[in-house]
Amino acid sequence: MTSRPELQAEVLQPTGTGPEDTEAPATPSTFVRRFRRNKVGVAALALLVVVVLLAVFAPWIAPHDPNQGELSRALEGPSGEYWFGTDDLGRDVLSRLIHASRVSLVAAALATGVALLIGLPLGLISGYFGGWVDNVIMRFNDALMSFPALILAVVIVGLLGPSLTNAMLAIGIVYAPRIMRVVRGSALSVREEVYVLSARATGCGAPRIIGGHVLPNILSPLVVQTTIMLGLTILAEAGLSFLGLGVQPPTASWGSILGRAFPYMGRTPTTVIVAGLTISVVVLAFNLLGDAFRDSLGRERRDQ
Amino acid sequence: MTTPAVTAPLLQVEDLTVQFPTPDGLITVVDHVSFTLDANRVLCIVGESGSGKSVTALSLVGLVQSRGGRVSAGSVKFRGTELVGQPEKALNRIRGRDIGFIFQEPMSSLNPAFTVGDQIAEVVRRHRRAGRKEAWARAVEMLDRVGIASAAQRAKDYPHRFSGGMRQRVMIALALACDPKLLIADEPTTALDVTIQARTLELLKTLQREQDMAVLFITHDLGVVADIADDVVVMYASQVVEHAPVRDLFRRPQHPYTAGLLAAMPQSALENGSPLVGIPGVVPQPHRLPSGCRFHPRCTHAQAGRCTSEPVELRRLDGGLVRCVRSEELRDPAPVPGAPAPIEGVAVQ
């Protein structure tokens with residue numbers, strides 16, 4: 001095709017409305033730049049990286065076998081050999097905590113994955129199509145949300161039998177509405193954007209618009225919600241395992257360690273404190289990371 | 001008016017009626033609008049905000065549902081095929097391939113999540129079954145054609161790196177990527193500043209000639225109309241009030257509203273040395289339409305009884321169509337005092 005120099009020449013001139021007065025979504029580089037300025041976020045990320053590394057390399061890092069105990073040395077306090085003491089079967093609490101991080105993280109990822117798998121498509125459909133589809137999905141959503149999460153999870157585990165996978169399936173289902181809400185809300189606003197109408201005017205069908213135009217533009221709130229959800233599901237898993245409905249012995253998760261140590265709190269408070277602190281700190285780190293993501297992913301506007 | 005074409009016109013709109021549900025009941029935003037557009041012609045729809053011109057444009061390609069409206073009557077024939085009531089799938093094959101669409105807001109009609117090249121290439125791939133490379137080459141070629149410097153480089157940029165005028169050029173490239181036979185442009189220059197407006201218009205005119213396409217141009221700017229149109233449809237309060245070839249319309253507007261619009265152009269006031277005359281009042285709301293002629297409350301020529309009781313039909317007059325009972329008598333004698341001055345002075349390029 002012929003190039004059009006006479007048209008090109010004129011557009012080399014700067015025009016009145018420059019790119020600087022437009023809103024710019026965070027590009028990967030601006031995201032990294034803004035995130036790095038957020039000290040709390042960086043600290044949270046660093047902590048979580050350490051936890052993940054501990055989980056991955058647990059067999060090499062843990063000083064003792066997590067499932068092998070000496071009954072004669074049960075319920076000892078912290079010592080040089082057992083940093084955080086031993087549990088009622090004489091097993092090393094530190095080693096169990098390190099191994100439990102595997103279980104807890106995988107469980108959280110599983111539950112969050114289930115929540116995403118249910119919440120994301122339903123939220124997109126609900127938000128994009130609206131109308132009666134939206135009504136049906138959202139009423140179902142409201143019903144699910146009006147249930148106390150843990151109680152519903154207990155019911156589901158009760159039906160399916162106690163195991164970590166079932167527990168996490170349950171948690172995923174229970175938390176799906178949270179994802180659904182965020183996705184639906186964002187899709188609802190993106191749907192009204194002119195570029196969606198414009199895409200339809202170029203002959204884009206609904207699946208293509210949802211996947212190609214709506215989804216990429218709601219990723220920011222979705223990433224934030226997913227991060228926070230990882231923290232929530234860790235907490236939920238801990239709760240279920242504390243009650244004995246999650247992970248089954250001898251495998252340990254943070255919640256089951258806490259639960260097992262609970263009756264002996266008077267003799268060895270260290271175990272309860274350490275397990276509790278681990279859960280709190282990791283959940284807090286996920287929440288702070290989510291906040292930091294939100295701050296760094298937001299769109300930059302001139303008026304801010 | 002052009003002589004009726006022997007073959008079917010490219011676009012034939014008949015009695016198109018669009019309604020929107022509101023808490024006060026259904027309101028009619030487009031009321032029995034008819035017009036035809038032949039290949040390679042430019043038809044402008046002119047009117048104030050709220051006259052129904054944008055909704056008309058959207059409803060032609062079945063997009064008005066996304067704004068909550070519904071085509072309740074009428075037909076839209078594109079190359080002889082009826083578009084009203086077609087399933088989305090069939091419409092999706094036509095949109096973007098045979099009919100291009102440009103929107104008013106260049107700042108928001110591009111997806112911020114993709115590069116402009118990707119967005120154009122996507123349309124090409126969908127409609128032409130083109131490969132990735134081929135589609136990308138077409139995107140670059142189109143960007144080059146609409147006058148974007150170093151198009152190959154710029155195709156990899158995201159929309160926020162483009163100014164308003166440049167984004168509108170990208171939109172034009174997107175709309176024309178599949179060589180449509182019809183381009184619907186909904187106020188494509190309104191959001192741009194004046195110099196950019198002129199260039200964009202120039203570009204559209206050039207491309208219209210080169211690509212052998214018809215253009216349906218929605219605008220409220222009569223300067224733009226004079227510049228680009230072959231035929232003009234003037235809309236007021238959801239109805240067509242005048243339909244005429246551009247030359248006739250500017251030389252001798254038959255409807256007092258058209259005359260008022262022309263008198264309200266700064267150019268005509270300058271050339272006549274007369275003060276700028278506005279049209280008093282505002283467009284009536286669709287649910288509170290006046291009886292009789294919808295323009296009569298704002299019309300300086302309105303006569304009680306004749307203009308206020310019966311709805312006025314669109315009728316043929318001097319090769320055009322007009323919806324006014326007093327067109328003949330208003331034309332001949334000396335202008336009524338206080339009425340807009342004769343419009344002869346307005347030059348038509």
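Order of the sequence lines sets the chain letters (A, B, ...), proteins ahead of strands, with each chain counted from 1.
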| Using non-hydrogen atoms only, which part of B:Val123 is less than 4.5 Å away from chain A: side chain, backbone, both, or neither? | side chain
| task | Heavy atoms only: give me the nearest B:Asn92-A:Gly205 pair and the separation to one decimal. | result | ND2-CA, 3.4 Å
| Over 12 non-hydrogen atoms of neighbours within 6.0 angstrom of CZ in B:Arg129 | no
| said: Can you confirm whether A:Cys204 sits close enough to B:Glu122 that some side-chain heavy atom of one is under 4.5 Å from a side-chain heavy atom of the other? | reply: yes
| Interatomic distance, B:Asn111 atom CG to A:Ser198 atom OG [nearest 0.5 angstrom] | 9.0 Å
| task | Check whether B:Gln119 gets within reach of chain A through its side chain, its backbone, both or neither, counting any heavy atom under 4.5 Å. | result | neither
| request: Decide if atom CD of A:Glu192 counts as having more than 12 heavy atoms of other residues, nucleotides or ligands within a radius under 6.0 Å. | output: yes
| request: Counting only heavy atoms closer than 4.5 Å, note whether B:Leu58 contacts chain A via side chain, backbone, both or neither. | output: side chain
| request: For the residue pair A:Tyr195 and B:Ser108, establish whether any side-chain heavy-atom pair is separated by less than 4.5 Å. | output: no
| query | Which region of A:Arg208, side chain (C-beta onward) or backbone (N, CA, C, O), has a non-hydrogen atom less than 4.5 Å from a non-hydrogen atom of chain B, or is it both or neither? | reply | side chain
| said: Quick check against the 3.5 Å criterion: does B:Arg93 have a side-chain atom that pairs as donor or acceptor with the backbone of A:Gly203? | reply: no
| query | At what distance, to the nearest 0.5 angstrom, does CG of A:Leu197 lie from CG of B:Leu63? | reply | 5.5 Å
| query | Between B:Leu91 and chain A, which part of the residue has a heavy atom less than 4.5 Å away: side chain, backbone, both or neither? | reply | neither
| task | Taking the side chain as every heavy atom from C-beta outward, state whether A:Thr202 and B:Phe101 have any pair of such atoms under 4.5 Å apart. | result | no
